[in-house]
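The first residue of the sequence shown is numbered 1, and numbering continues consecutively from there. We use all heavy atoms of the structure for the numbers below, so side chains are in, but hydrogens, waters and symmetry mates are not.
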Amino acid sequence: MSKGYWVVAYRSISDESAVKAYGALARPAIESFGGRVLTTSTSRIQIHEAGLQMRAIVVEFDSYDIAVATYESEAYRQALGALGSGAERDFRIVEGA
């Protein structure tokens, strides 16, 4: 079974406290589904081609289905509620090769 990944780029952040509140709720929700945060907001990023300097987060799950179930879970929805409109994100769930 292929792994699943969340690939998230933060286009803009308008409320850093909302992002911190989101993180405090999101990490336990992710970990409760066995998710592993592979990059964080403090990870080094080197931009190439048409890339933009943005905060980028990658989370790995044991399967694509688990990645989707985590996003749809009540615990993660609470984290999204805490984030509110505090950030504009490009959020993708992808299946590993």
Side-chain angles (χ1 to χ4, degrees):
M1 184 179 306
S2 297
K3 294 186 184 233
Y5 296 88
W6 287 3
V7 180
V8 186
Y10 283 72
R11 292 183 177 162
S12 65
I13 296 173
S14 58
D15 185 348
E16 190 65 47
S17 64
V19 173
K20 287 181 183 178
Y22 160 82
L25 294 172
R27 188 175 280 263
I30 290 165
E31 291 174 348
S32 73
F33 282 83
R36 295 164 297 285
V37 178
L38 301 181
T39 65
T40 67
S41 62
T42 60
S43 297
R44 291 174 29 175
I45 299 173
Q46 187 174 85
I47 305 305
H48 293 281
E49 299 178 26
L52 302 173
Q53 185 69 38
M54 297 184 220
R55 184 180 298 190
I57 309 296
V58 178
V59 181
E60 180 182 64
F61 295 89
D62 288 336
S63 73
Y64 175 83
D65 292 338
I66 294 171
V68 170
T70 305
Y71 186 86
E72 294 174 348
S73 71
E74 180 59 32
Y76 188 70
R77 291 200 184 278
Q78 289 178 5
L80 287 175
L83 179 61
S85 61
E88 180 184 356
R89 307 184 307 161
D90 180 345
F91 192 113
R92 298 161 192 240
I93 301 175
V94 298
E95 185 175 31

Between atom CD of Gln78 and atom CG of Leu25, what is the distance when rounded to the nearest 0.5 Å? 7.0 Å
Show which residues join Leu52 in its hydrophobic cluster (side-chain heavy-atom contacts under 4.5 Å, direct or indirect), or state none. Met54
Between Pro28 and Gly23, what is the shortest heavy-atom contact and its length? CD-O, 4.3 Å
Test item: Arg36 side-chain N/O and Gly34 main-chain N/O as donor-acceptor pair under 3.5 Å: yes
Contact summary for Ala75 and Ala29, nearest pair of heavy atoms: CB-CB, 3.7 Å
Can a salt bridge be assigned to the pair Asp15 and Lys20 using a cut-off of 4.0 Å between side-chain N and carboxylate O? no
Smallest separation among heavy atoms of Ser14 and Ala87, with atom names: OG-N, 4.3 Å
Is a side-chain N or O of Ser2 found less than 3.5 angstrom from the main chain of Glu95, in a donor-acceptor match? no
Could you tell me the separation between the CG atom of Asp62 and the NZ atom of Lys3, rounded to the nearest 0.5 Å? 5.5 Å
List, by chain and then residue number, the residues other than Ile30 in its hydrophobic cluster (Ile/Leu/Val/Met/Phe/Trp/Tyr, side-chain heavy atoms under 4.5 Å); write none if there are no others. Trp6, Val8, Tyr10, Ile13, Val19, Tyr22, Phe33, Val37, Ile57, Val59, Phe61, Tyr64, Ile66, Val68, Tyr71, Tyr76, Leu80, Leu83, Phe91, Ile93
Contact summary for Ala56 and Thr39, nearest pair of heavy atoms: O-OG1, 3.2 Å
Is the number of heavy atoms from other residues, nucleotides or ligands within 6.0 Å of CZ (Arg89) greater than 12? yes
Please list, chain by chain and in numerical order, all residues satisfying salt bridge (charged side-chain N to carboxylate O under 4.0 Å, His left out) with Glu16, sequence neighbours excluded. Arg55
Shortest non-hydrogen contact from Glu72 to Arg77? O-NE, 3.5 Å
